[in-house]
Protein chains: 2
Amino acid sequence: MDNHGPEAPMTALKSDPIGRTALAVEITNRLRQMILEGLLHPGEKINEKALTEQFGVSRTPLREALKVLAAEGLLDLIPHRGAVITRQSDAELAEVFRVLAALEGLAGELAAEMADDAALEEIAALTLDLRATYDKSDRPTYFRINQAIHKAILSAAGNDTLLRAHELLAFRVQRARYQANLTPDRWRAAVEEHEGIAAALLARDADRAGRLMKLHLLRKFDAIRAKG
Amino acid sequence: MDNHGPEAPMTALKSDPIGRTALAVEITNRLRQMILEGLLHPGEKINEKALTEQFGVSRTPLREALKVLAAEGLLDLIPHRGAVITRQSDAELAEVFRVLAALEGLAGELAAEMADDAALEEIAALTLDLRATYDKSDRPTYFRINQAIHKAILSAAGNDTLLRAHELLAFRVQRARYQANLTPDRWRAAVEEHEGIAAALLARDADRAGRLMKLHLLRKFDAIRAKG
DNA sequence: GAATTGAATTATGCATTCAATATTCTGTCA
DNA sequence: TGACAGAATATTGAATGCATAATTCAATTC
């Protein structure tokens with residue numbers, strides 16, 4: 001698996017081979033990472049000067065990075081008053097999840113329609129692994145495999161636009177660290193849902209795969225919300 | 001109706017009352033408009049100097065605007081080589097439409113679930129108007145009302161995240177001017193689809209409203225593709 | 001003692017300047 | 001005539017500087 005993770009989103013289509021990445025995109029990625037990891041707290045105001053000193057760059061590329069992150073919805077740019085990390089209300093979290101559910105539903109649908117057999121078998125295999133980690137109560141590995149499955153389905157859909165739209169929204173809920181808590185009931189149900197999805201994919205039942213993916217996301221959100 | 005249109009997307013949450021908009025956002029909007037209107041052609045390279053002279057500003061705010069538009073997917077930023085208007089292949093158009101269909105489907109679903117009666121009745125009324133313009137073969141008005149209905153449903157969904165995600169993708173297909181041609185058959189079918197959607201909304205049948213909206217979009221795309 | 005006004009400070013918005021890379025032009029050679 | 005090498009030019013990337021708006025803080029007034 002590629003290990004660049006969220007700090008290098010696939011936006012970088014044609015970055016030149018050697019480490020000659022533009023400062024602005026480097027800063028964008030670093031800042032996004034910091035926000036996602038919680039080093040910068042929602043509601044917190046960003047001080048340009050402090051960051052330029054921390055990064056050792058001038059304000060110009062930093063400000064360009066801020067514009068990009070604002071476009072991604074991670075920051076609010078308030079005229080003459082600077083950038084503020086967007087705070088996410090419960091209501092907004094609900095909004096985002098609803099959209100994510102629709103997008104992942106579409107991913108399931110498209111994966112069932114268009115993916116090649118190998119991709120679907122890989123997803124099925126991962127789902128077996130998921131069950132195994134559940135049986136062993138291995139939470140960290142479970143989370144990893146769960147992420148891998150979702151990513152695999154998104155990829156199998158073969159729609160970069162979908163991938164990008166999903167990525168943007170996923171950034172915004174990642175901060176919620178919604179995976180931190182998982183009740184036994186929810187855990188069991190989630191595994192079963194995944195098995196249902198894998199089955200639908202193998203059966204090439206696009207409609208069912210889509211519906212199950214969507215439901216899976218909505219249930220996941222219900223579980224998060226239940227915790228408060 | 002508010003008349004700021006696409007040149008002032010709802011990103012501007014807290015713009016200060018008096019006309020003191022930042023240059024960078026002004027330029028962003030102007031440039032986006034120019035791209036959407038086709039004044040800047042896909043594949044065309046953007047010359048910063050030329051644009052700074054045209055707008056009468058320095059390169060700094062212009063470059064910030066370019067970063068934002070690149071984040072929106074309207075431009076590709078190639079290191080040391082400048083910005084290029086993204087050209088949309090047929091494949092990409094198909095991708096975007098698929099996602100748009102999912103998003104509008106969600107909008108229909110949410111509108112049926114959450115909108116207040118007044119909003120739904122407004123949509124129903126607009127749908128009657130739509131039928132009337134169809135009967136009169138008044139294409140320009142038809143297009144206007146059609147747009148208004150879609151916008152009204154999106155708004156009725158009461159999900160700003162959905163609205164924003166939709167807006168971003170809508171920008172990208174707007175350039176296709178897919179409304180320019182409309183066969184008699186397709187036109188009739190579209191009106192009927194809209195009536196079905198309005199009925200589902202009034203019946204508060206979220207599932208049906210969602211499915212019909214999604215289908216409506218997919219059919220619209222089929223019609224575009226048929227033309228080539 | 002709390003509130004308010006105005007000066008001092010700080011931060012932001014934009015323009016300008018400098019540096020590095022890419023592109024174009026010109027002359028030479030095959 | 002066409003291809004190539006190298007200089008000249010243009011363009012992009014980043015830093016600095018300046019103007020303006022916002023924030024802070026102290027002094028004054030009620």
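Throughout, a chain's letter reflects where its sequence line sits, starting with A, and its residues are numbered from 1. Reckoned from all heavy atoms, side chains included, excluding hydrogens, waters and symmetry mates.
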Applying ring pair (Phe, Tyr, Trp, His ring centres under 6.0 Å), can you list everything that pairs with A:H166, at least two apart in sequence or on another chain? none
Using a cutoff of under 3.5 Å, can you pull out all pairs of nitrogen or oxygen atoms linking the protein to nucleotides 12-15 of chain C, with atom names and distances?
unit_1, atom_1, unit_2, atom_2, d
C:dT12, OP1, A:K45, NZ, 3.1
C:dT12, OP1, A:I46, O, 3.4
C:dG13, OP1, A:H80, N, 3.2
C:dG13, OP2, A:R63, NH1, 2.5
C:dG13, OP2, A:R63, NH2, 3.0
C:dG13, N7, A:R59, NH2, 3.0
C:dG13, O6, A:R59, NH1, 3.3
C:dC14, OP1, B:L23, N, 2.4
C:dA15, OP2, B:S58, N, 2.7
C:dA15, OP2, B:S58, OG, 2.6
C:dA15, O5', B:S58, OG, 3.4
C:dA15, N7, B:T60, OG1, 2.8

Whole-Å distance, A:E26 CD to D:dA14 C1', equals 15 Å
Can you list everything that forms a salt bridge (charged side-chain N to carboxylate O under 4.0 Å, His left out) with B:D222? Sequence neighbours excluded, please. B:R225
Would you list the pairs meeting salt bridge (charged side-chain N to carboxylate O under 4.0 Å, His left out) in which at least one residue belongs to residues 51-66 of chain A, sequence neighbours left out? A:E48-A:R59, A:E48-A:R63, A:K49-A:E53, A:R63-B:E64, A:E64-B:R63, A:E64-B:K67
Measure from CG on B:L62 to P on C:dT16 and round the result to the nearest Å. 14 Å
Spacing between A:E53 atom CD and D:dA15 atom P, to the nearest angstrom: 13 Å
When the distance from CD1 of A:I27 to C1' of D:dG13 is rounded to whole Å, what number comes out? 11 Å
State which residues pass side chain to side chain contact (heavy atoms under 4.5 Å, CB included) with A:A209; sequence neighbours excluded, sorted by chain then number. A:A112, A:A200, A:L201
Bend angle of the helix from C:dG1-D:dC30 to C:dA30-D:dT1, end axes from five pairs each (to 10°): 10°
So, using salt bridge (charged side-chain N to carboxylate O under 4.0 Å, His left out) as the criterion, who are the partners of B:E109 when residues are at least two apart? A:R98, A:K214
Report the residues that fulfil salt bridge (charged side-chain N to carboxylate O under 4.0 Å, His left out) with A:R87, sequence neighbours left out, ordered by chain and then residue number. none
Taking salt bridge (charged side-chain N to carboxylate O under 4.0 Å, His left out) as the test, write out the residues that go with A:D117, two or more places apart. A:R204
Out of the candidates B:L69, B:L62, B:L75, only one should pair with B:I46 under the side-chain contact (heavy atoms from CB on, under 4.5 Å) rule; please name it. B:L75
